There are 2 protein chains.
Amino acid sequence: MTERVVPPARRRRRRPTKQGVVLSEELIVATALRLISEHGAEALTVRRLGHALGADPSSLYRYFRNADDLMLAVADEMIGRVLREWRPGGDWRADLRDLGLRMHAGALSHPQATVLSAYRVTGRVHEIGAVEAILGVLRGAGFPDAEAVRIYHAFIDTTLGFAALDAGNAALPRAAREAEQRVWRETYAGLPEETHPHIAATVPLLAASMRGSAYPTALDMLLAAAAARLARVTREP
Amino acid sequence: MTERVVPPARRRRRRPTKQGVVLSEELIVATALRLISEHGAEALTVRRLGHALGADPSSLYRYFRNADDLMLAVADEMIGRVLREWRPGGDWRADLRDLGLRMHAGALSHPQATVLSAYRVTGRVHEIGAVEAILGVLRGAGFPDAEAVRIYHAFIDTTLGFAALDAGNAALPRAAREAEQRVWRETYAGLPEETHPHIAATVPLLAASMRGSAYPTALDMLLAAAAARLARVTREP
DNA sequence: CTTCACAGGTCAATGCTGTTGTCATAAGCT
DNA sequence: AGCTTATGACAACAGCATTGACCTGTGAAG
């Protein structure tokens, strides 16, 4: 049996589809991303993607082993777009802060795709590039290997976790999102001081805070803790 | 047109299915939870749930408007179970650590439900109780209101973010999860030192770390940063 | 004790979904 | 010019959530 998917390196022919489109891995991924951001995550089906490309759905299986494989390629492309614009400046804490904020923002610009891919390990070029870059920043800063790996893991998963959370919220249908805003302004604001003293005392602050993401706060706290560890480690090797 | 779903209050008849099972909302939710933990998240389909209950799949639509409605009922039951077991002991840092770990573990025990519900604001009793409790712990520890709210927000969203992330991974079909393990052991382990020095230098540590969740690490770093802030604030009011 | 409305279980059908075996054809190498 | 084979297309399959129509027996009312 010949393999259905031919590795990109061995591809030779660029045969157009009946509708005249020349398929490629890049075109498929780009179209998938467009489909997701235009019509929502549930719009991404093999059939619809084939239709949007002007190709038979089964043709996509010449490029990806299955739908999950395609999803990973989409996720990796998103990482790549963020990484391509990040320029580390030499200050580890500022660099990681910048990268984290960029990844979070990048994820939120395609919330539907983020919801489907934030928790995936792609093993593809861009993801590998990100791992190498972050580890490089941490090791370059003087973190011992074990500590660098621990902090890398906490950093990347905090970032991806917030990305998934905030993207999930952003991807909610309009009505549901507005209903949640109302919960803070009405349900929580109306709780009596006798039964819920702490909420009653802080509800204006609370409602204001919950409107935005806590990612910057969490990121800064994470980096502050990392800096404290680094100071302790470098003082007594 | 008569409504398919009859509100629980108006239910009267407990007619057994062909296989002699008397259905109820509670039985269906409990069976769904059992199905998820016994056979994995992907085992929860309307067809399989119907089969496990000994009823026609379409019967479930007499109790839930659709599959998502059923999932939310399952998620709601989970929240109740976690909060019912948490007992704060007076040490703010230990209490928050305990609650965070419990919430994370609870979410992971039913990943499918978590994926669909982690980013939602319910405004229901258990959620309100959690907000009040966490704010109480922080204010009781001496955090000023603004600081308490900031840390509350970072704490709860870090926890929910990791819950979503790790649950998303746990909810993956068996094959996909094993494929991701393989990526760390093979793809990352095989990268040459020349092009990826930092990964090559740390790959055993990396592969070991990525097997588990970084939540405990991230949580401890968050709490450490919070403690540092508290020390600074109480020193100079 | 009978009647009868209707809750609720079942069946069959619909239109999705991902996926694959098979075939046809044109691209590009020799 | 001819051959190989990459790659697009077609048709079919199993499994998915969901729904309209049907039918049965429960439980309350008279």
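This structure is a prediction, so every number in the text was calculated from the model and none was measured. Residue numbering restarts at 1 for every chain, and letters A, B, ... go by the order of the sequence lines.
If you check distances only, the side chain of A/Thr45 never reaches the base of C/dC16 with a donor-acceptor pair under 3.5 Å. The base of C/dG28 does not come close enough to the side chain of A/Arg15 for any donor and acceptor atom to sit less than 3.5 Å apart.
The interatomic distance linking A/Arg62 (CZ) with C/dT25 (P) rounds to 15 Å, in whole Å. In this structure, NZ of B/Lys18 is placed 11 Å from P of D/dG25, rounded to the nearest angstrom. The CG-P distance, from A/Leu23 to C/dA26, rounds to 16 Å in whole Å. Rounded to whole angstrom, the span from the CD atom of B/Gln19 across to the C1' atom of C/dT10 amounts to 12 Å. In this structure, A/Asp69 places its CG atom 16 Å from C1' of C/dT20, rounding to the nearest Å. When rounded to the nearest whole Å, the span between CG of A/Asp56 and P of C/dA24 equals 16 Å. Rounded to a whole Å, the CZ atom of A/Arg4 is 12 Å from the C1' atom of C/dG18. Atoms CZ (A/Arg65) and P (C/dT20) sit 11 Å apart, rounded to a whole Å.
Across all strands, A/Ser58 comes closer than 4.0 Å to base atoms (heavy-atom distances).
Defined by atom type and a distance below 3.5 Å, a donor-acceptor pair is present between the side-chain atoms of A/Thr159 and A/Tyr215. Between B/Thr202 and A/Asp145, the side chains place no donor N or O within less than 3.5 Å of an acceptor N or O (distance only, hydrogens not considered).
Between the CG atom of B/Leu70 and the CG atom of B/Asn66 there is a distance of 9.0 Å, given to the nearest 0.5 Å.
Contacts between residues 47-55 of chain A and DNA chain C, defined by a heavy-atom separation under 4.0 Å, are made by A/Arg47, A/Arg48.
Nearer the 5' end of DNA chain C, as judged by each residue's closest nucleotide, is the contact made by B/Leu60, out of A/Tyr61 and B/Leu60.
Other residues, nucleotides and ligands contribute at most 12 non-hydrogen atoms within 6.0 Å of the CZ atom of B/Arg211.
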Atom pairs and distances, donor-acceptor, side-chain atoms in residues 182-194 of chain B, under 3.5 Å, two or more places apart:
{"unit_1": "B/Tyr188", "atom_1": "OH", "unit_2": "A/Glu127", "atom_2": "OE1", "d": "2.7"}

Could you tabulate the donor-acceptor pairs under 3.5 Å formed by side-chain atoms of residues 37-46 of chain A, not counting sequence neighbours?
{"unit_1": "A/Ser37", "atom_1": "OG", "unit_2": "A/Leu33", "atom_2": "O", "d": "2.8"}
{"unit_1": "A/Ser37", "atom_1": "OG", "unit_2": "A/Arg34", "atom_2": "O", "d": "3.4"}
{"unit_1": "A/Thr45", "atom_1": "OG1", "unit_2": "A/Arg48", "atom_2": "N", "d": "3.1"}

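Note on B/Asp98 versus B/Arg87: no salt bridge recorded, every NZ/NE/NH1/NH2 to OD/OE distance being 4.0 Å or above.
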